[in-house]
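Read the structure below first, then the notes.
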Amino acid sequence: AEVERLTSAVLANNDDTASASAEAEALELKLAEANAEVARLAEEAAANAFKNEAAAAAREAALVDATARAEQLEKEAAARDSALLDATARASRAERAATAATEEHKRLSDEREAIRRERDALAAAAAEDRSKL
């Protein structure tokens, strides 16, 4: 009876050991699956980080390009502003010259009219003097 009891205990222990061993194998499989998932997630995170770095680098390059274009446009605008100021100054000088020329023309026209009147007066006086002779 003792042998049977011990045999039953050994068989039960063997069953427990087999069950525990099966559980350990199942846990090892789950652990391997979890490790594989961790590795997959790590690779995915690394790939995403690389994509994010590439996108950030592209955005930075675009920013540098946009800044350079903005600086070029500012230079062009400054050059246009300077050209506009120069043209305005030239137009102002031309306007002053035209005004001076108009004033000179009016003065000469007035002088010519005065000379014509004087000539007409002298001609009339000469005609009167001739009629008295």
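By convention here, the first residue in the shown sequence is residue 1.
Remark: side-chain polar atoms of Thr88 are paired, donor with acceptor, to backbone N or O of Leu84 under 3.5 angstrom. One N or O on the side chain of Thr102 and one on the backbone of Ala98 form a donor-acceptor pair closer than 3.5 Å. Side chain of Ser82 to main chain of Ala79: no donor-acceptor pair is present (N/O by atom type, distance under 3.5 Å, no hydrogens or angles).
Rounding to the nearest 0.5 Å places CD of Glu37 at 4.0 Å from CZ of Arg40. With rounding to the nearest 0.5 Å, the separation of CD in Glu60 from CG in Asp65 is 12.5 Å. Summarising the geometry, atom CG belonging to Leu85 is positioned 11.0 Å from atom CZ belonging to Arg90; distances are rounded to the nearest 0.5 Å. For the atom pair CG of Asp129 and CG of Leu122, the computed distance is 10.5 Å after rounding to the nearest 0.5 Å. The distance from the OG1 atom of Thr67 to the CD atom of Gln72 is 13.5 Å, given to the nearest 0.5 Å. In this structure, Glu74 CD and Asp81 CG are separated by 11.0 Å, a value rounded to the nearest 0.5 Å.
A 6.0 Å sphere centred on CD of Glu95 holds no more than 12 heavy atoms belonging to other residues, nucleotides or ligands. Dense packing is recorded around CD of Glu113, with more than 12 heavy atoms of other residues, nucleotides or ligands lying under 6.0 Å away.
Ion pairing of Glu71 with Lys75 is absent here, as no side-chain N (NZ or NE/NH1/NH2) approaches a carboxylate O to less than 4.0 Å. Comment: Arg107 engages Glu111 in a salt bridge, judged by a side-chain N to carboxylate O separation of less than 4.0 angstrom.
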Practice task
Applying side-chain contact (heavy atoms from CB on, under 4.5 Å), run through Glu103 and Thr99 and close with a yes or a no.
Solution key: CA-CA 6 Å; Glu103 289 171 357; Thr99 300; 3.6 Å; yes
